[in-house]
Number of protein chains: 2
Amino acid sequence: MDVRALETLRTVRSQGGVGAAAAVLHLTPSAVSQQLAALSREAGVALTERVGRGLRLTAAGDALADAAVDVAVAVGRARAACASFLGRPEGTVRVSAFQSGAQLLLPPLLTRVRALGGITVECSDEDVAQDDFPALTDRVDVVVAHRPEGSAEWPGSPSRLRVVPLLREPLDVAVPADHPLAGRERVRAGDLVDEQWIAVREGFPVATVLAAVAAGPGTAPRIAHRINDFSVVEAMVAAGHGVSLLPRYTAGRSPGVRLLPLAGVRAGRRVDALLRPDTAERLVVRRVLDELVAVAAEAGGAPVRAASGAGR
Amino acid sequence: MDVRALETLRTVRSQGGVGAAAAVLHLTPSAVSQQLAALSREAGVALTERVGRGLRLTAAGDALADAAVDVAVAVGRARAACASFLGRPEGTVRVSAFQSGAQLLLPPLLTRVRALGGITVECSDEDVAQDDFPALTDRVDVVVAHRPEGSAEWPGSPSRLRVVPLLREPLDVAVPADHPLAGRERVRAGDLVDEQWIAVREGFPVATVLAAVAAGPGTAPRIAHRINDFSVVEAMVAAGHGVSLLPRYTAGRSPGVRLLPLAGVRAGRRVDALLRPDTAERLVVRRVLDELVAVAAEAGGAPVRAASGAGR
DNA sequence: ACCGACGTTGTAGCGTCACTTCATGGACGT
DNA sequence: ACGTCCATGAAGTGACGCTACAACGTCGGT
């Protein structure tokens with residue numbers, strides 16, 4: 001009952017296949033398949049069953065994968081127990097974030113961590129659909145993700161996923177500087193009927209917010225363009241090609257754009273840090289996470305919550 | 001960070017040395033030493049330090065060993081999760097008990113377990129000093145141990161040791177059938193001054209009880225002989241070579257001996273099942289343990305506690 | 001204070017296990 | 001019906017861990 005094999009089983013479940021798991025684990029599909037076979041032989045029950053040209057975990061496999069999470073957590077605690085006897089935590093932590101979050105959080109995070117010394121942070125930007133954020137935790141230690149406010153919690157929390165809230169960011173309406181509404185202090189949903197909207201791609205975070213905000217009574221918003229990168233959106237808004245919903249702290253730097261708070265509706269997005277339960281136990285990771293929480297508190301106005309560490 | 005290496009570290013701590021741990025794990029001392037070296041290299045800190053001609057765990061090693069218990073428990077849960085999908089639990093469980101406890105409990109346990117089918121129970125009798133009972137859990141799955149009532153709890157419970165109470169057994173005074181006191185319903189401590197006592201060897205359970213019971217005010221009991229086997233004790237008592245303290249349920253079968261309850265003092269011993277936390281998670285073990293608790297409830301008069309399973 | 005003995009730590013040799021490469025068998029989509 | 005993708009199996013290779021043997025240090029006895 002090897003921890004590596006259990007880790008593999010866990011990855012096959014979260015990634016949804018042998019091939020994808022192999023890619024994440026830097027192995028060949030054959031090796032993954034053999035580990036699963038060995039594990040199944042040891043357990044005495046079938047852990048996977050073929051469905052179509054892929055496979056799926058059986059009930060037994062699912063139960064074992066759940067237990068594997070606890071094993072990984074216990075091993076992580078063991079590593080942390082050793083690391084706490086070292087002078088200060090060292091090592092490298094991989095952090096990923098969606099674009100606008102990366103722009104806001106990663107630079108100050110890096111400077112703060114550099115001040116600590118000894119810790120290397122490897123950053124990457126990952127732009128994925130909302131459902132795909134949790135799976136990123138297999139490749140990256142800390143995933144900075146966002147979701148529309150009021151939406152369902154991240155799936156798998158807290159048994160398979162640790163969620164650390166970072167900040168809440170209001171969504172404002174971005175209009176060109178020469179727009180009739182540009183001088184207003186705030187706007188209401190009724191003011192925005194007949195506008196052309198620039199939205200994010202289907203399935204991406206805050207895509208659902210627009211439908212709630214911009215729709216007149218019974219009518220769907222007129223979506224003219226779908227752009228994911230907010231700086232591109234700003235350029236298009238400034239050029240008068242439509243209006244959009246943009247997060248307050250990470251957008252609106254362009255001179256040709258005005259951000260107008262919404263009155264009447266509460267529109268916002270939540271920015272969370274996502275971690276696998278076992279990596280959340282690593283001492284270095286928790287150190288970096290502490291800094292990330294502090295950075296978010298500074299950047300997002302009021303601190304979200306006094307979350308020290310991974311919320312242990 | 002291999003589970004086997006962590007298991008080895010745990011064993012070195014509980015057995016108090018590399019050689020003893022190697023014997024328990026069916027390895028050579030060299031292999032154990034190498035595992036420790038590899039673990040220490042991975043942890044980055046010294047896990048052991050030499051003390052005299054042996055060695056001792058450092059603070060870091062102790063912390064890691066504690067964490068290793070949790071890892072082993074998590075792995076045990078994983079195995080149990082798989083086993084619960086099998087039809088009925090199968091496998092072999094090693095049970096050991098001290099003599100009188102073995103005599104009382106093991107035969108009915110074996111018949112009950114045989115009725116279940118599929119489970120093999122390997123019995124052994126282990127007569128060790130009281131302090132050595134916990135270490136037996138490295139070689140045996142379930143250790144039936146006893147201690148004087150009111151004595152300190154088993155060391156390491158519950159973090160390193162699971163304790164399941166089985167029964168309480170009063171200690172009576174055993175006198176020859178032709179003794180002046182033999183006709184009495186009960187005796188008091190004062191009646192027993194000037195008697196010659198037969199005790200167990202120093203350091204063995206219930207050795208301390210005699211000192212409290214048999215001592216007159218300020219005087220030590222006169223211990224003529226030290227015999228561990230209760231049937232031998234009975235034979236000597238019957239032959240008039242002294243009196244003794246014997247457990248009520250497991251002794252007194254010999255016709256030449258009378259057991260007299262003690263009035264005024266509360267003398268008894270507690271019989272417990274001792275398990276390692278990780279083996280306590282095994283499904284087969286818990287099945288056998290359930291039966292053992294039931295057997296003890298029958299044998300010891302009133303049930304001690306409604307302990308279902310390992311007290312999870 | 002010396003000597004014997006126990007127990008731990010290092011080194012060489014061997015076996016075993018896990019991974020990669022390559023080839024096969026199904027299942028879906030065109 | 002064919003091509004493509006995905007998972008699985010078989011043989012070869014590499015690395016890792018264990019056993020056997022030797023050396024060192026430390027403690028108890030004389």
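We name chains A, B, ... by the order of the sequence lines, and we start the count at 1 in each one. Hydrogens, waters and symmetry mates play no part in the numbers below; they use all other heavy atoms, side chains included.
- Atom CZ of A:Arg147 is surrounded by more than 12 heavy atoms from other residues, nucleotides or ligands within 6.0 Å.
- A salt bridge does not link B:Arg56 with B:Asp62: every distance from a Lys NZ or Arg NE/NH1/NH2 to an Asp or Glu carboxylate oxygen is 4.0 Å or more.
- Put simply, SG on A:Cys123 and CZ on A:Arg94 are 12.0 Å apart, with the number rounded to the nearest 0.5 Å.
- Nearest to the side chain of A:Leu27, among C:dC19, C:dT8, D:dC5, sits C:dC19.
- As a whole-Å value, the separation of A:His26 NE2 from C:dT20 C1' is 16 Å.
- No salt bridge links B:Arg276 with B:Asp141; every basic N to acidic carboxylate O contact stays at or beyond 4.0 Å.
- In this structure, CZ of A:Arg53 is placed 12 Å from P of C:dA27, rounded to the nearest angstrom.
- Rounding to whole angstrom units, CZ of residue A:Arg41 and P of D:dT8 are separated by 13 Å.
- The side chain of A:Ser33 contributes no N or O atom lying less than 4.0 Å from OP1 or OP2 of D:dA7.
- Looking at B:Thr28, its side chain has no donor and acceptor atom pair within 3.5 Å of the base of D:dA20.
- A donor N or O paired with an acceptor N or O is found under 3.5 Å between the base of D:dG9 and the side-chain atoms of A:Ser30.
- The distance between atom CD of B:Gln35 and atom C1' of D:dC16, rounded to the nearest whole Å, is 12 Å.
- Within the 4.0 angstrom heavy-atom criterion, base atoms lie near A:Gln34.
- The NE2 atom of A:His146 sits 8.5 Å away from the CD atom of A:Gln99 when rounded to the nearest 0.5 Å.
- The residue among A:Gly52 and B:Leu55 whose nearest nucleotide of DNA chain C lies closer to the 5′ end is B:Leu55.
- Residues of residues 2-24 of chain B having a heavy atom closer than 4.0 Å to DNA chain C, listed by number: B:Gly17, B:Val18, B:Gly19.
- A:Leu47 places its CG atom 12 Å from the P atom of D:dT8, with the value rounded to the nearest Å.
- Whole-Å rounding puts the B:Leu36 CG to D:dG17 P distance at 13 Å.
- For A:Glu281 and A:Arg79, the salt-bridge test fails: no basic side-chain N is under 4.0 Å from an acidic carboxylate O.
- Going from atom CZ of A:Arg50 over to atom P of D:dC5 covers 16 Å, rounded to whole Å.
- Taking atom CG of B:Leu39 as the reference point, atom P of D:dC16 lies 16 Å away to the nearest angstrom.
- Note on B:Arg77 versus B:Asp278: no salt bridge recorded, every NZ/NE/NH1/NH2 to OD/OE distance being 4.0 Å or above.
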